[in-house]
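Okay, structure first, notes after.
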Amino acid sequence: MNQSARAATDRCPGVFDTHPAADGALARVRLPGGRIRPDQLETLARAAADHADGHLELTVRGNLQLRGITDVEAVAQAVVAAGLAPSSSHDKVRNIELSPLTGRIGGVADARPLAAALDDALRADPAAATLSGRFLFGIDDGRGDIAGRRPDACAMIRSDTPLAADVLIGGTAVGSATGTEAIVRALIAVAAGLGEVSPGAWRVRDLDDDSRRRLAEIIAPTLDPVIGADPDAAQVASEEPIVGWFDQDDGAVLLGAVVELGRLPARLAEFIAAVQAPVVFTPDREILLCDLGEGVAETVVRVLAPMGLIFDAASPWAQVSCCVGAPGCSSAHAPVRDDLVARVQDDDPVEEREHWVGCARGCGSPAESHLSVQATPDGGYERRRR
């Protein structure tokens, strides 16, 4: 892994290396698999209320951001105390997407232990510290929801006993591995191989065809043949939002919700933490409250819906998202948040996923196909499908 040869500095924010946005410092807290304990969420909510703009922003990778930070050191101390930044050297490389429903609803196997093992291995590998903060790992439990997003290095589980997975590079399967150690080793080898074939690349998608071929040639000999050749071997990933009431396989209840603009108010986050249930943030900016009893779930909906937690899958906010826009970002050509709120309030139906951005950088854009609504220098918006 070789970061020094890259042409530009890695500007991805972390906890210790914040981004100087127009509205103040921005810190991104990596949540491998989008998972967070109630006590950790409560700590972040307090930090947002005391030292930032009073919100937790949900990101397209299932992470959380704090904006408008007035005391960077205080926020970093809170994040470290909560156990959410185990190492300053590896803070920005723990980008791991995980099937949000894994271990609770469907899937070939519970992929949570595999994601945890990958996180442990990354933090234990000194070379991983040089990995780009943009590089993305994926752990798919067999339903196709994460593999379909084409992470740089992805394991798609095909068998539970023994645990076996296809290894994908940028969405293309190059082989398979059996056992947790072998799968993790293969994923990290993809990251290392990227630096070998193209030291200046941030992600696999930055590679030309020849470099992609060389990367596959490096990894494939260490793997078994692909075991997922049968397209019916995996479940079809649902395109429906995980919003509403869901019955878990064990009989418990899972509640899925969204919030306006993907911004979770600190006070609402504290109430979510008070439920004392596992929380998962998804790559679609959904908030999952898991392992609930039926009575608790009914109380959560009754109390938190009036506070702004949206449990209705038909809500426009389950289909729209945006970057911060002006004035929070100096590059933005328009107040994107205000314009998106107006768009939702005008009652014009939202018929497909939309993402509104203030400039050509397209920050926070979904990995899946969507309608991109991009602000232009003349004050208008350009619409195109991506």
Any non-hydrogen side-chain atom of [X] less than 4.5 Å from a side-chain atom of [Y]?
X      : Y      : value
Val75  : Val79  : yes
Leu44  : Ile36  : yes
Arg343 : Val350 : yes
Val184 : Leu114 : yes
Leu288 : Leu101 : yes
Ile169 : Arg212 : no
Pro283 : Arg61  : no
Leu254 : Cys290 : yes

To the nearest 0.5 Å, what is the distance between [atom1] ([X]) and [atom2] ([Y])?
X      : Y      : atom1 : atom2 : answer
Leu56  : Leu66  : CG    : CG    : 5.5 Å
Ile272 : Leu41  : CD1   : CG    : 6.5 Å
Cys154 : Ile96  : SG    : CD1   : 11.5 Å
Asn63  : Leu84  : CG    : CG    : 10.5 Å
Thr299 : Arg302 : OG1   : CZ    : 4.5 Å
Ser132 : Arg203 : OG    : CZ    : 8.0 Å

- For Asp110, what residues pass the salt bridge (charged side-chain N to carboxylate O under 4.0 Å, His left out) criterion, not counting sequence neighbours? Arg112
- Task: Evaluate the criterion side-chain contact (heavy atoms from CB on, under 4.5 Å) for residue pair Leu31 and Gln40; output intermediate values, then yes/no.
- Result: CA-CA 11 Å; Leu31 304 178; Gln40 294 173 322; over 6 Å; no
- Do Leu98 and Ile242 sit in the same hydrophobic cluster, where Ile, Leu, Val, Met, Phe, Trp and Tyr count as joined when their side-chain heavy atoms come under 4.5 Å apart?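 In one cluster: no.
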- Would you kindly confirm whether Ile105 and Val108 end up in one hydrophobic cluster when ILVMFWY residues are joined by side chain heavy atoms under 4.5 Å apart?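 No, Ile105 and Val108 fall in different hydrophobic clusters.
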Any pair with a residue in [range] that passes ring pair (Phe, Tyr, Trp, His ring centres under 6.0 Å), sequence neighbours left out, goes on the list, sorted by first then second residue, please.
range            : result
residues 121-178 : Phe135-Phe137
residues 314-357 : Trp356-Tyr381
residues 264-304 : none

Minimum heavy-atom distance [X]-[Y], with the two atoms named:
X      : Y      : result
Ser159 : Ile157 : O-CG2, 3.5 Å
Ile310 : Val243 : O-CG1, 3.7 Å
Ala277 : Pro38  : O-CG, 3.2 Å
Ala313 : Ala318 : O-CB, 3.8 Å
Val60  : Ser365 : CG2-O, 3.6 Å
Asp125 : Ile188 : OD2-CG2, 3.8 Å

Sequence neighbours left out, what passes side-chain hydrogen bond (donor to acceptor under 3.5 Å, both in side chains) with [X]? Give chain and number order.
X      : result
Asp250 : Gln248
Asp206 : none
Arg386 : none
Asp346 : none

- Item | side chain to side chain contact (heavy atoms under 4.5 Å, CB included) partner of Lys92, chosen from Val15, Asp17, Leu131 |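 With Lys92 as partner, Val15, Asp17, Leu131 yield a single side chain to side chain contact (heavy atoms under 4.5 Å, CB included), made by Asp17.
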- In the hydrophobic cluster built from side-chain contacts under 4.5 Å, what are the other members alongside Val324?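 None, because no other hydrophobic side chain comes under 4.5 Å of this residue.
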- Polar side chain donor-acceptor pair, Asp208 to Ser211, under 3.5 angstrom: yes
- Query: Does the side chain of Thr282 pick up a donor-acceptor pair with the side chain of Asp284 at under 3.5 Å?
  - Reply: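 Distance-only check fails for Thr282 and Asp284.
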- Salt bridge between Asp120 and Arg123, side-chain N to carboxylate O under 4.0 Å?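 Judged by the 4.0 Å cut-off on N to carboxylate O distance, Asp120 and Arg123 do form a salt bridge.
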- Message: Check this for me: does any side-chain nitrogen of one of Arg213 and Glu217 sit under 4.0 Å from a carboxylate oxygen of the other?
- Response: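 No, this pair does not count.
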- What side-chain hydrogen bond (donor to acceptor under 3.5 Å, both in side chains) pairs are there with at least one residue in residues 173-190, not counting sequence neighbours? none
- Message: Test: side-chain hydrogen bond (donor to acceptor under 3.5 Å, both in side chains). Region: residues 20-35. Which pairs qualify, not counting sequence neighbours?
- Response: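 For residues 20-35: Asp23-Arg67, Arg28-Gln65, Arg30-Asn95.
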Between the side chain of [X] and the main-chain N/O of [Y], is any donor-acceptor distance below 3.5 Å?
X      : Y      : answer
Ser315 : Phe311 : no
Thr102 : Ala109 : yes
Arg149 : Ala367 : no
Asp140 : Arg143 : yes
Ser99  : Asp141 : yes
Ser198 : Leu194 : no
Glu97  : Gly138 : no
Asp249 : Gly103 : no

- Item | Name of the residue among Glu368, Glu352, Glu354 meeting salt bridge (charged side-chain N to carboxylate O under 4.0 Å, His left out) with Arg385 | Glu352
- Item | Full working for side-chain contact (heavy atoms from CB on, under 4.5 Å) between Phe246 and Leu255 | CA-CA 6 Å; Phe246 300 88; Leu255 293 176; over 6 Å; no
- Go through Leu371 and Arg383 one step at a time and tell me if the side-chain contact (heavy atoms from CB on, under 4.5 Å) criterion holds. CA-CA 7 Å; Leu371 178 66; Arg383 290 164 170 77; 4.1 Å; yes
- Message: I need the full list of salt bridge (charged side-chain N to carboxylate O under 4.0 Å, His left out) pairs touching residues 265-280, with sequence neighbours left out, sorted by first then second residue.
- Response: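 Every pair satisfying salt bridge (charged side-chain N to carboxylate O under 4.0 Å, His left out) with a residue in residues 265-280: Arg267-Glu270.
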- I would like to know whether Ile139 and Ile146 meet side-chain contact (heavy atoms from CB on, under 4.5 Å); could you show each step before the answer? CA-CA 7 Å; Ile139 305 292; Ile146 298 301; over 6 Å; no
